[in-house]
Number of protein chains: 2
Amino acid sequence: MSPRPKGRTSKSDLRGKIIEAAWEQISREGASALSLREIARNLGIAAPSIYNYFSDRDDLVTALILEAYESLASHQKAANDAAPVENLHARLASIGNAYRDWAVTFPQRYLLIFGTPIPGYVAPLETIAPVAASSLNALISVVESFHQAGRLKVVDIDTRTIAALIWTRVHGLVSVDISNNLPPIGLAGTQLFQIEFKLIVDQFFKE
Amino acid sequence: MSPRPKGRTSKSDLRGKIIEAAWEQISREGASALSLREIARNLGIAAPSIYNYFSDRDDLVTALILEAYESLASHQKAANDAAPVENLHARLASIGNAYRDWAVTFPQRYLLIFGTPIPGYVAPLETIAPVAASSLNALISVVESFHQAGRLKVVDIDTRTIAALIWTRVHGLVSVDISNNLPPIGLAGTQLFQIEFKLIVDQFFKE
DNA sequence: TAGTTTATACTAACACTGTAAGCTAACACT
DNA sequence: AGTGTTAGCTTACAGTGTTAGTATAAACTA
């Protein structure tokens with residue numbers, strides 16, 4: 001039926017195309033609608049061929065999660081580097097806005113990372129933890145800088161704990177926002193984010 | 001094969017048993033592993049019989065979500081009523097702790113409500129919004145009371161917005177905690193929650 | 001260059017899922 | 001008694017992830 005492509009295609013990069021098709025599908029339908037057979041259909045290949053590149057569906061999902069974390073981490077780093085090193089408030093604002101922007105631009109990727117959207121999927125922590133941690137590096141680094149400059153308002157909490165709390169606050173707001181679970185208080189997500197960000201800065205950082 | 005039960009069983013409450021079996025399954029395997037056929041197997045009935053009580057799987061999930069919201073809301077109300085009306089800080093602490101306790105006790109129910117764990121399921125907002133809102137009533141009421149007592153530190157933010165932000169903070173921390181997505185900072189979820197709760201109280205409320 | 005191995009595609013099949021259609025026995029009501 | 005409705009059942013269909021077995025083209029080896 002199919003024209004039987006020439007065996008080892010050598011440079012067709014089918015693995016990359018599978019990942020690409022998976023993202024396309026996730027962006028449209030959400031992570032939980034990921035289907036190996038539909039990926040295969042879209043690519044014009046047989047479904048089991050995917051198993052030449054991923055040991056099973058979970059393995060593909062893990063690859064997607066790693067890619068998403070790397071994307072988030074690189075956006076964070078870019079935002080951090082875009083602000084002057086010595087202007088800590090500017091750096092903080094830059095990475096804060098970049099964090100929300102990334103989540104709003106790629107909501108399904110964000111939910112893929114931080115939700116539990118795939119039936120029966122459990123993330124292999126030892127694989128994911130390192131790159132997940134690296135997506136928090138920019139924030140941790142800024143908090144550390146505030147600390148070393150003696151500009152932390154709160155002194156009885158470890159800097160990494162402060163960073164973790166800032167993250168859970170931002171994550172809580174952003175994840176609820178892109179899931180459309182915000183309580184109906186007449187404020188758009190952007191406005192609420194600005195308010196919360198200001199409150200966070202006020203509470204933890206001097207000047 | 002089966003002894004063919006006596007037709008209209010009238011008081012067998014199969015609908016209730018289906019929901020019960022669904023919870024049992026969700027508690028063990030997580031919400032995304034919910035399977036109508038396995039429910040039927042556990043109850044010793046045929047899978048399509050479920051359709052006599054729920055129009056489809058999503059309908060069952062909606063019923064579960066409503067039940068979960070109601071449970072959360074009633075726990076919140078109980079916690080609110082357990083503290084003396086005039087002691088606003090005690091009431092706030094009571095509902096705060098009750099919120100986390102409920103989430104930790106029923107993590108899968110919490111994730112069912114606030115995550116997007118079911119493949120292809122989209123919550124019917126007009127059905128769920130009212131009971132979802134009612135689970136925030138205790139918090140809103142306490143914040144209102146602080147406001148009317150002139151004991152809000154922050155005056156340029158609407159009280160409902162303050163309540164919403166407090167909720168997103170608590171939700172962010174709790175949801176990440178029960179999903180085991182907390183950054184590795186050596187603090188247990190309980191400790192982190194106490195720290196964050198104190199910070200919230202300090203930031204918004206006087207005395 | 002000829003022969004062998006290996007990688008990558010395929011088809012067919014299995015076990016599972018939600019769900020629709022149609023049948024039947026028991027009850028409720030005229 | 002007869003009728004209609006309810007709530008079970010079996011059967012069947014289309015979808016899913018996954019495994020097994022097969023074929024072919026490329027790459028390596030003698």
Undergrad: Check this for me: does the side-chain of A:R37 come within 3.5 Å of the base of D:dG15 through a donor and an acceptor?
TA: no
Undergrad: Is any side-chain N or O of B:S49 closer than 4.0 Å to OP1 or OP2 of D:dA7?
TA: no
Undergrad: What is the distance, to the nearest angstrom, from the CG atom on B:L14 to the P atom on D:dG8?
TA: 5 Å
Undergrad: How close or far is atom P of D:dT6 from atom CG of B:D13, stated in whole angstroms?
TA: 18 Å
Undergrad: Can you measure A:L34 atom CG to D:dT18 atom P for me and round it to whole angstrom units?
TA: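 Value for this atom pair: 11 Å.
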Undergrad: Quick one: closest heavy-atom pair of B:R169 and A:L199, and the distance?
TA: NH2-CB, 3.7 Å
Undergrad: When you measure from the side-chain N and O atoms of B:R15 to the phosphate of D:dG8, is any distance below 4.0 Å, counting only OP1 and OP2?
TA: no
Undergrad: C:dT8 phosphate, OP1 or OP2: any side-chain N/O from A:Y51 under 4.0 angstrom?
TA: no
Undergrad: Nearest heavy atom decides the nucleotide; on that basis, is A:N52 or B:S55 closer to the 5' end of DNA chain C?
TA: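 With A:N52 and B:S55 compared, the 5'-side residue is A:N52.
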Undergrad: Provide, to the nearest angstrom, the distance between the CG atom belonging to B:D56 and the C1' atom belonging to C:dT17.
TA: 14 Å
Undergrad: In Watson-Crick or G-U wobble terms, both distances under 3.5 Å, what is the partner of C:dC29?
TA: D:dG2
Undergrad: Is a donor from one side chain sitting under 3.5 angstrom from an acceptor on the other, for A:S35 and A:R41?
TA: no
Undergrad: How close or far is atom C1' of D:dG17 from atom OH of A:Y121, stated in whole angstroms?
TA: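 After rounding, the gap between these two atoms is 16 Å.
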Undergrad: Is it true that the NZ or CZ of A:R15 lies under 6.0 Å from the centre of A:Y53's six-membered ring and within 45 degrees of the ring axis?
TA: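 So A:R15 doesn't make the cation-pi contact.
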Undergrad: How about B:Y121 and B:T62: does a side-chain donor come under 3.5 Å of a side-chain acceptor?
TA: yes
Undergrad: What is the distance, rounded to the nearest whole Å, between atom OH of A:Y53 and atom P of D:dT18?
TA: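 Rounded to the whole Å, the gap is 18 Å.
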Undergrad: Send over the distance from A:L36 CG to C:dC16 C1', rounded to a whole Å.
TA: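 One finds 15 Å between C1' of C:dC16 and CG of A:L36, rounded.
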Undergrad: Would you mind telling me which of D:dT18, C:dC10, C:dA20 lies closest to the side-chain atoms of A:A46?
TA: C:dC10
Undergrad: What is the distance from CG of A:L43 to P of C:dT8, rounded to the nearest Å?
TA: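 From A:L43 CG to C:dT8 P: 16 Å.
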Undergrad: State which of D:dT18, C:dT17, C:dT19 makes the closest approach to the side chain of A:P48.
TA: D:dT18
Undergrad: Could you tell me if A:S27 and A:Q108 have a donor-acceptor pair between their side chains, going purely by distance under 3.5 Å?
TA: no
Undergrad: Quick check on D:dG17: is either OP1 or OP2 less than 4.0 Å from any side-chain nitrogen or oxygen of A:S35?
TA: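 So the side chain of A:S35 is within the cut-off, an N or O lying under 4.0 Å from OP1 or OP2 of D:dG17.
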